[in-house]
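In this text the structure is predicted, and so the values were computed from the model without any measurement.
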Amino acid sequence: MRLLTGALPQEPGDDPALELALAHAMVRDGNDAVRVYRPSRPMLVFGRRDTRLPGFAAAVDAGRVRGFAPAVRATGGRAVAYTEQAVVLDLVHHEPDAVARQEARFLRIGGQLVDLLRQLGVDARLGDVPGEYCPGAHSVNARGTAKLVGTAQRVVRDAWLFSALVQVDDAERVAECLDPVYRALEQPFDPRSVGAVADEAPGLTAVAVEQAVLGSFAAGLAPEPVPEAVATLARTLLEHHLP
């Protein structure tokens, strides 16, 4: 298992294309990997289904005028927005017949995230919230009313990529971005469903949450930079996927 940290060489460290590049490169080289990072800029990341909707261009514009850079991610789901006050976790693992175990991974890794947040003083639970952005049965919420963590998966041959986004702060700013985005996409969304860890446990910072995630998912691993081969593949993917 390799722990990858930091930004792409000469690029921001929050390009969603890196997720898919990471999966393919680690599989090719026979490695498992975990990557934990804090975004370097506000991002508005769409699922592939969003790109096929009539209102996609308007949704991209709605995010851009609010300072959120657009991108399209490798994993599934709907539009997600986040700022520098978030923590992203990517896991890549070799596993034959990875498709068959998707549900078990959602429950296992989601449960690990719930335990982590509870240790930080948050009343965290596994399950969706009515009106949430990027809805899914395996979101991590607070008190059953506010979404804190979104999770998604992508399966490649004999391996899987699992990604989780922890909203640490800036819930109001995220909601203000997503509201016009979801209206443009004509998808249901309730801005009140957007939560943040710092709202549930005042005083917690993105740095503290990042360290907690590292302790839970990468204990004992020595960090290393993103390999240049992965960065090169990510740039190629990014050229084809940016809106």
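- Taking hydrophobic clusters as Ile, Leu, Val, Met, Phe, Trp and Tyr residues chained together by side-chain heavy-atom distances below 4.5 Å, Leu113 shares a cluster with Val209.
- Here the CG atom belonging to Leu204 is positioned 5.5 Å from the CG atom belonging to Leu120, to the nearest 0.5 angstrom.
- Heavy-atom contacts from other residues, nucleotides or ligands closer than 6.0 Å to CD of Glu103 number more than 12.
- Smallest separation of non-hydrogen atoms from Val34 and Ala218: CG1-CB, 3.9 Å.
- Looking only at side-chain heavy atoms (C-beta outward), Arg125 and Val140 stay at 4.5 Å or farther from each other.
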- Task: In sequence, state the C-alpha distance, the side-chain angles, and the governing distance for Val166 and Leu148, and then conclude on side-chain contact (heavy atoms from CB on, under 4.5 Å).
- Result: CA-CA 6 Å; Val166 185; Leu148 301 178; 5.8 Å; no
- Item | Chi angles and distances behind the side-chain contact (heavy atoms from CB on, under 4.5 Å) call for Val60, Leu44 | CA-CA 8 Å; Val60 169; Leu44 171 60; 5.9 Å; no
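- Side chain of Tyr133 to main chain of Tyr182: no donor-acceptor pair is present (N/O by atom type, distance under 3.5 Å, no hydrogens or angles).
- Between Gln112 atom CD and Leu89 atom CG the span is 8.5 Å, to the nearest 0.5 Å.
- Between Leu221 atom CG and Leu3 atom CG the span is 5.5 Å, to the nearest 0.5 Å.
- The two residues Phe162 and Arg105 come nearest to each other via the heavy atoms CE1-O, 4.0 Å.
- Aromatic ring centres of Phe46 and Phe56: separated by under 6.0 Å.
- Within 6.0 Å of CZ in Arg143 there are more than 12 heavy atoms belonging to other residues, nucleotides or ligands.
- The side-chain heavy atoms of Thr83 and Asp169, taken from C-beta on, include no pair separated by under 4.5 Å.
- Summarising the geometry of Thr151 relative to His138, their closest heavy-atom pair is OG1-O, 3.3 Å, with the distance given to 0.1 Å.
- For the pair Leu161/Leu91, no side-chain contact is recorded, criterion being any heavy-atom separation below 4.5 Å from C-beta on.
- Remark: aromatic rings of Phe68 and Tyr82 are distant, center separation not under 6.0 Å.
- The backbone N or O of Asp190 sits less than 3.5 Å from a side-chain atom of Ser193, completing a donor-acceptor pair.
- Atom CG of Leu53 and atom CZ of Arg78 lie 5.5 Å apart (nearest 0.5 Å).
- Side chain of Asn141 to backbone of Gly144: a donor-acceptor contact under 3.5 angstrom is found.
- Across all non-hydrogen atoms, the minimal contact from Ala146 to Gly195 is CB-CA, 3.8 Å.
- Nearest heavy-atom pair, Val114 versus Ala124, reported as atom, atom and distance to 0.1 Å: CG1-O, 3.5 Å.
- The pair Arg48-Asp50 does not count as a salt bridge, with every side-chain nitrogen at least 4.0 angstrom from each carboxylate oxygen.
- Val213 and Ile109 fall within the same hydrophobic cluster, where Ile, Leu, Val, Met, Phe, Trp and Tyr residues are linked whenever their side-chain heavy atoms come under 4.5 Å apart, directly or through other members.
- A donor and an acceptor atom, one from each side chain of Ser163 and Asp90, are located under 3.5 Å apart.
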- Asp123 vs Glu200, side-chain contact (heavy atoms from CB on, under 4.5 Å): CA-CA, chis, key distance, verdict: CA-CA 8 Å; Asp123 180 6; Glu200 304 298 322; 5.7 Å; no
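- Of the possible donor and acceptor atoms, one in the side chain of Lys147 sits under 3.5 Å from a partner among the backbone N and O of Cys134.
- Taking CG from Leu178 and CZ from Arg66, the interatomic distance works out to 10.5 Å, rounded to the nearest 0.5 Å.
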- Task: May I have the step-by-step check of side-chain contact (heavy atoms from CB on, under 4.5 Å) for Leu165 and Val80, ending in yes or no?
- Result: CA-CA 9 Å; Leu165 168 69; Val80 173; 3.2 Å; yes
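- Val129 and Val181 are assigned to two separate hydrophobic clusters, defined by single-linkage of ILVMFWY side chains at heavy-atom distances under 4.5 Å.
- In terms of modelled atom types and a separation under 3.5 Å, the side chain of Glu132 and the main chain of Gly136 share a donor-acceptor contact.
- Nearest approach of Gln85 to Ala206, heavy atoms of both residues: OE1-CB, 3.9 Å.
- In this structure, the separation between CD on Glu84 and CZ on Arg38 is 10.0 Å, given to the nearest 0.5 Å.
- Connection of Val207 to Leu214 is not established within any shared hydrophobic cluster, with ILVMFWY side chains joined at heavy-atom distances below 4.5 Å, either directly or through further cluster members.
- Under the 3.5 Å distance criterion, with hydrogens and angles disregarded, no donor-acceptor pair is assigned to the side chains of Trp160 and Gln153.
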